[in-house]
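Here's the structure we're looking at; comments come further down.
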Amino acid sequence: MPELPEVEVVRRGIDRWATERSIAAVDVLYPRSVRRSPGGAGAIRAALVGDAFRCASRRGKYLWLPLSIGGDQALVVHLGMSGQVLMQSVDAADEKHLRVRVRFDDDQREMRFVDQRTFGGLYIDDVIEGVPSTIAHIARDPLDPQFDRDATIRAIRRKDTEIKRVLLDQSVISGIGNIYADESLWRSKVNGRRSSGSLSSSKVGEVIDQATVVMREALAQGGTSFDSLYVNVNGESGYFERSLDAYGREGEPCRRCGAPIRREAFMNRSSFRCPRCQRSPRTRRSPRT
DNA sequence: CAAGAATCCTGCCAGC
DNA sequence: TGCTGGCAGGATTCTT
């Protein structure tokens with residue numbers, strides 16, 4: 001489940017291993033994986049072959065690879081739920097869920113997009129003012145140097161809904177998914193069902209800061225494994241088993257107070273929280289009369 | 001216009 | 001043993 005840290009590890013891998021190399025061929029093995037690309041597989045091939053990726057950029061969970069010659073276009077990569085980018089030897093057997101292959105003229109390692117659940121995909125997009133047009137609505141993420149913390153606090157508090165929903169709203173703050181949302185709420189001792197407008201500015205700031213810290217920590221660990229395992233540019237940060245305090249810990253003791261972590265249904269998925277450190281809101285927002 | 005629900009997708013696993 | 005239903009969830013699309 002790639003969120004910002006995992007996607008950033010992938011970005012670094014692509015930036016290091018797949019840029020400034022002339023593209024020889026593009027094989028789309030599964031059309032659904034390029035469904036967002038205008039013109040489909042043929043258009044992707046036409047845009048990429050003979051060109052090269054200049055670098056790898058990221059905003060939130062989106063990656064894009066600007067082209068060297070077709071300078072106002074980029075290949076956008078979204079990993080979805082299960083997407084991976086692998087740098088593999090051209091001789092390596094196809095992965096079971098290999099969707100797209102990019103070969104280079106130098107015949108060195110090829111770039112492969114592997115995706116079991118096919119929520120992710122690749123597509124060509126126009127870059128406008130430095131950002132692909134389809135991700136212009138995605139807010140800056142907390143690791144972006146131009147991230148505006150105060151403006152984000154205001155945007156969060158303006159929303160009339162539960163704080164966890166807002167954390168997952170990529171148009172307000174990007175990069176956070178279900179796992180890091182639960183982790184930052186646990187760290188800041190906020191129940192995700194609290195209404196965002198009812199939280200003080202400083203409390204919202206604390207949630208943002210904890211989200212930033214937890215994602216930085218995950219990235220630090222993922223980045224380490226990336227250096228030695230560059231072949232596996234796969235978004236596995238190795239962070240999960242060791243360091244999560246809330247997510248996936250149903251019934252296990254809270255590391256702060258010992259109360260058993262509780263799991264609840266939320267937005268068609270699961271939320272994990274400490275029932276003592278993250279008390280339920282006293283008053284539920286009353287429905288409009 | 002905004003909030004929230006429905007939707008897509010496949011492997012895995014618990015339960016029968 | 002083999003089937004079935006539930007579960008995992010990011011982001012778009014649809015509905016209210």
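A, B, ... follow the sequence lines: proteins, then strands. Residue 1 opens every chain.
- The pair A:R99-A:D115 fails the salt-bridge criterion, with no side-chain N (NZ, NE, NH1 or NH2) lying under 4.0 Å from an Asp/Glu carboxylate O.
- Of the candidates A:K164, A:R165, A:K159, A:R165 is the only one forming a salt bridge (Lys or Arg N to Asp or Glu O under 4.0 Å) with A:E162.
- What separates CG of A:D115 from P of B:dC9 is a distance of 12 Å, to the nearest Å.
- For A:E3 and C:dG9, the CD to P distance is 9 Å, given to the nearest whole Å.
- Between the NZ atom of A:K61 and the P atom of C:dA11 there is a distance of 4 Å, rounded to whole Å.
- Judged purely by distance below 3.5 Å, without hydrogens or angles, the side chains of A:R32 and A:T118 pair a donor atom with an acceptor atom.
- Residue side chain A:F119 fails the stacking definition with respect to C:dA11, as its ring centre and the base's six-membered ring centre are not both under 5.5 angstrom apart and under 30 degrees in plane angle.
- Residue A:H97 places at least one side-chain N or O under 4.0 Å from the OP1 or OP2 atom of B:dG11.
- Within the 4.0 angstrom heavy-atom criterion, no nucleotide atom of any strand lies near A:R35.
- Here A:S270 lies in heavy-atom contact (under 4.0 Å) with sugar-phosphate atoms only.
- A donor and an acceptor atom never sit less than 3.5 Å apart when one is taken from the side chain of A:R165 and the other from the base of B:dA3.
- Between C:dA8 and A:R263, a contact under 4.0 Å exists linking OP1 or OP2 to a side-chain N or O.
- For A:R256 and A:W186, the positive end sits near the middle of the six-membered ring, less than 6.0 Å away and at most 45° from its axis.
- Summary of the strand contacts: A:R36 and A:Q116 both lie near DNA chain C, and taking for each the nucleotide with the nearest heavy atom, the more 5' one is attributed to A:Q116.
- Between A:Q170 atom CD and C:dT13 atom P there is a gap of 16 Å when expressed in whole angstrom units.
- A:I173 places its CD1 atom 13 Å from the P atom of C:dA11, with the value rounded to the nearest Å.
- Residue side chain A:R269 reaches the base of C:dG10 through a donor-acceptor N/O pair under 3.5 Å, judged by distance alone.
- The pair A:R12-A:E8 meets the salt-bridge criterion, with a side-chain N (NZ, NE, NH1 or NH2) lying under 4.0 Å from an Asp/Glu carboxylate O.
- Between the side chains of A:S270 and A:Y247, not a single donor N or O lies within less than 3.5 Å of an accepting N or O.
- Close to C:dT12, at under 4.0 Å from its OP1 or OP2, lies a side-chain N or O of A:Y62.
- Remark: A:T161 is in phosphate contact with B:dG4, judged by side-chain N or O atoms under 4.0 Å from OP1 or OP2.
- With rounding to whole Å, A:L79 atom CG is found 22 Å from B:dC8 atom P.
- For A:Y30, a side-chain nitrogen or oxygen approaches OP1 or OP2 of B:dT10 to under 4.0 Å.
- For the helix from B:dA2-C:dT16 to B:dC16-C:dG2, the rotation axes defined at the first and last 5 base pairs enclose an angle of 50°, given to the nearest 10°.
- Using a 4.0 Å cut-off, some side-chain N or O of A:H78 falls inside it from OP1 or OP2 of C:dA11.
- Across all strands shown, A:R158 has no heavy atoms under 4.0 Å from either base or sugar-phosphate atoms.
- With hydrogens and angles left out, the side-chain atoms of A:S188 and A:K203 include no donor and acceptor closer than 3.5 Å.
- Each of B:dA3, B:dT10, C:dG10 was ranked by its minimum atom distance to the side chain of A:R117; first place goes to B:dT10.
- Within the nucleic acid shown, A:F266 has no heavy atom closer than 4.0 Å to any nucleic acid atom.
- Straight-line distance from the CD atom of A:E250 to the C1' atom of C:dA8: 14 Å, rounded to whole Å.
- Remark: the A:E183 side chain and the A:Q210 side chain contain no N/O donor-acceptor pair separated by less than 3.5 Å.
- Here the C1' atom of nucleotide B:dG4 and the CG atom of A:N268 are 11 Å apart, to the nearest Å.
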